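Structure, as structure tokens:
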Amino acid sequence: MSIPVITIDGPSGSGKGSIAQRVATALGFHLLDSGALYRLTALAASKKGVSMQAEAELATLAAELEVEFVAQAEGEAQVLLAGEEVSLAIREEQCGMNASKIAALPQVRAALLQRQRNFCQAPGLVADGRDMGSVVFPQAVVKVFLTASARERANRRFLQLKARGVEVSLRALIKDIEERDARDINRSVAPLRPADDAVLLDSTAMSIEAVETKVLSLLPEF
Ligand code: DC
């Protein structure tokens, strides 16, 4: 029997990370935060002084990333890069911006493809990102494309960062989100776009609990 995969794609700040985590916990499935792999590649590059345009070098870094995701009893997994805790460092805005830049490079995407597919293990997987349903796991049993207005997404990010003690301006976040959306949507490889068979969900006016319930209601019996 094939291993069930649920994909949750969408733009930055749509809440897909939190939803994926909740759905994975509810089902006892594994979780793939694919954005973290792009962020880790960008972080590894800045630590090594590799340019965000050096496609071949970045692809080598992506292929050789020494990463560990350590699940926690609650909240996000702890992320280790070559044994060093980088959970907070990869969430910084600059790292997200660099991740979006390198994610437009075909060789980087190709280098991360198999690594992402390796997360598909029994009893099942919930994967979140931009191209989980369209490219990485086209066989997924349920594909969700989660979105929300740019203002609402910036606001959520603002509250999230504030709770972590990171100071940012809301206006700068809205600008960042719009810039990143434009790059993710307009790139030629695996652009941010719902898979043909994805269910579209606009979470602008929905609570996280309501979105979780809706996603779980889409699942067949496993
Ligand atoms: O979801 P996130 O904000 O952590 O992702 C960071 C960047 O990585 C995002 O701007 C686009 C890129 N990304 C991607 O191109 N494909 C994915 N599957 C996940 C992320």
Side-chain angles (χ1 to χ4, degrees), residues 5-21 24 31-46 52 55 58-59 61-62 65 67 69 76-77 79 81 86-120 125-138 140 143-148 150 152-154 156-158 160-161 164 166 168 173-195 198 203:
V5 179
I6 296 159
T7 58
I8 305 184
D9 288 304
S12 185
S14 58
K16 60 191 177 341
S18 316
I19 294 297
Q21 201 171 11
L31 178 68
L32 165 61
D33 169 4
S34 62
L37 295 175
Y38 288 92
R39 288 171 181 267
L40 282 158
T41 305
L43 183 67
S46 40
M52 299 301 154
E55 184 166 3
L58 289 165
L61 270 183
L65 276 183
V67 182
F69 292 94
E76 288 180 356
V79 187
L81 176 63
V86 293
S87 317
L88 289 179
I90 60 164
R91 298 293 157 207
E92 284 178 12
E93 289 306 299
Q94 185 59 48
C95 190
M97 207 41 107
N98 287 340
S100 164
K101 284 184 189 153
I102 65 161
L105 304 173
Q107 288 182 41
V108 171
R109 302 200 74 84
L112 289 176
L113 190 60
Q114 192 54 47
R115 193 184 269 272
Q116 295 174 84
R117 288 186 174 152
N118 291 343
F119 279 77
C120 183
L125 175 70
V126 182
D128 85 76
R130 304 292 189 289
D131 61 342
M132 297 296 97
S134 53
V135 176
V136 183
F137 301 109
K143 299 179 184 180
V144 175
F145 192 85
L146 191 62
T147 187
E152 172 64 19
R153 288 185 282 126
R156 288 177 190 170
R157 193 70 139 204
F158 178 75
Q160 220 175 37
L161 290 171
R164 289 189 192 135
V166 183
V168 277
L173 278 180
I174 295 177
K175 188 168 159 280
D176 271 11
I177 281 205
E178 286 173 345
E179 208 177 296
R180 200 177 319 172
D181 278 0
R183 190 168 27 234
D184 293 347
I185 291 167
N186 295 318
R187 69 181 175 220
S188 52
V189 243
L192 173 65
R193 198 155 296 159
S203 73

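We count ligands from 1, going down the list as the structure has it; atoms in each ligand are counted the same way. Because the structure is predicted, anything quoted here is derived from the model rather than measured.
Scored by the side chain to side chain contact (heavy atoms under 4.5 Å, CB included) test, A104 finds R187 as partners (sequence neighbours excluded).
Each of the atoms 9 (C), 10 (O), 11 (C) of ligand 1 lies under 4.0 Å from some heavy atom of D184. Listed by number with element, the atoms of ligand 1 under 4.0 angstrom from any heavy atom of M132 are 18 (N). Residue-ligand proximity, A103 to ligand 1, at heavy-atom distances under 4.0 Å covers atoms 12 (C), 15 (O). Near R180, the atoms of ligand 1 lying under 4.0 angstrom from a non-hydrogen atom of the residue are 3 (O), 10 (O). Distances below 4.0 Å separate heavy atoms of R39 from the following atoms of ligand 1: 2 (P), 3 (O), 4 (O), 6 (C). Each of the atoms 1 (O) of ligand 1 lies under 4.0 Å from some heavy atom of K16. Within ligand 1, the atoms closer than 4.0 Å to a non-hydrogen atom of G35 are 4 (O), 5 (O), 19 (C), 20 (C), numbered from 1 in the order shown.
Checking S203 against R156 by side-chain atom types alone, a donor-acceptor pair falls below 3.5 Å. Side-chain contact, R183 with S100: a donor N or O sits under 3.5 Å from an acceptor N or O.
Counting only heavy atoms of the protein, atom 16 (N) of ligand 1 lies nearest to R109 NH2, 3.0 Å. Atom 7 (C) of ligand 1 has as its closest protein heavy atom A99 CB, 3.8 Å. Of all protein heavy atoms, the one closest to atom 8 (O) of ligand 1 is Y38 CB, 3.5 Å.
Ionic pairing of R157 and D176 is not present here: no N-O contact between side-chain nitrogen and carboxylate oxygen is shorter than 4.0 angstrom.
Within the structure, the salt bridge (Lys or Arg N to Asp or Glu O under 4.0 Å) test picks out the following pairs touching residues 105-115 (sequence neighbours left out): R109-D131.
Heavy atoms of M97 come nearer than 4.0 angstrom to ligand 1 in no pair at all.
By the 3.5 Å distance cut-off applied to N or O atoms, R187 is counted among the residues near ligand 1. When only interatomic distances are considered, the shortest N/O to N/O separation between D33 and ligand 1 does not fall below 3.5 Å.
The parts of R130 lying near ligand 1 are both backbone and side chain, judged by heavy-atom distances below 4.0 Å.
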